[in-house]
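For reference, positions follow the sequence shown, starting with 1.
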Amino acid sequence: MSTEPDMPVSSLPAAPRARAVPRPDLALAAWLGLCYAVAGVGSLLTAPAIPTWYATLAKPPLTPPGWVFAPVWTVLYTAMAVAAWLAWRTRPSSCRRRGLRLFCVQLVLNLLWSWIFFSLHRPGLALVAIALLGTGIAMTTRPFLTISRTAGWLMLVYLAWVTFATYLNAGIWRLNP
């Protein structure tokens with residue numbers, strides 16, 4: 001039996017705290033929220049120009065009917081969020097950090113394109129923005145493929161659509177001097 005007096009609990013050294021890790025379902029909700037917020041702002045920038053300015057433009061061959069864009073972009077923003085979440089769930093690394101930072105950059109470029117094309121009515125300048133967006137997506141895809149093949153493939157689907165959108169943007173710029 002010890003002859004030392006009991007130490008008060010408040011004077012005991014604190015146990016090291018475990019690092020708080022967000023729940024995966026909340027993290028997915030956060031990535032979805034971020035992507036849908038960008039989609040929502042983009043939609044606010046886009047919607048007023050569709051029946052007025054965009055409707056009057058000559059469009060290149062293979063331009064889909066207008067109703068196709070909203071469901072396609074909804075699927076793409078969801079896929080982007082899932083890709084970011086899958087990458088986020090991997091073990092912390094410089095590759096993961098780089099991929100997630102690039103992901104956020106490409107989201108900003110995505111919104112920038114909507115603003116330039118639909119709000120400013122500047123297809124030529126928007127073509128530069130969408131080229132930067134495609135580059136940003138490709139740069140994001142590389143680390144995503146390294147850390148999560150599924151995340152990388154989801155980004156490749158997005159890149160394929162943006163490549164097609166680049167063709168449409170270039171055609172509109174060329175056909176509407």
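- Remark: the backbone N or O of A58 is paired with a side-chain donor or acceptor of N176 at under 3.5 angstrom.
- By the ring-ring contact (aromatic ring centres under 6.0 Å, His included) test, Y54 is found to be paired with F118, residues two or more places apart in sequence or in another chain being considered.
- Between the T140 side chain and the L102 main chain, a donor and an acceptor come within less than 3.5 Å of each other.
- The backbone N or O of K59 sits nowhere less than 3.5 Å from a side-chain atom of T63 that would complete a donor-acceptor pair.
- A distance-only check finds no donor-acceptor pair linking the side chain of R89 to the backbone of P24 [under 3.5 Å].
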Original post:
For Y158 and W153, what are the C-alpha separation, side-chain angles and deciding distance, and is it a ring-ring contact (aromatic ring centres under 6.0 Å, His included)?
Top reply: CA-CA 9 Å; Y158 172 39; W153 280 103; over 10 Å; no
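- When atom types are taken as modelled, the side chain of S148 and the backbone of F144 share no donor-acceptor pair closer than 3.5 angstrom.
- At least one donor-acceptor pair under 3.5 Å links the side chain of N169 to the backbone N or O of P123.
- When the ring-ring contact (aromatic ring centres under 6.0 Å, His included) test is applied to F117, the partners found at least two apart in sequence or on another chain are W53, W113.
- Aromatic ring centres of W31 and F103: separated by under 6.0 Å.
- The local environment of CH2 in W161 is crowded, with over 12 non-hydrogen atoms from other residues, nucleotides or ligands closer than 6.0 Å.
- Under the 3.5 Å distance criterion, the side-chain polar atoms of T90 are left unmatched by any main-chain donor or acceptor of L86.
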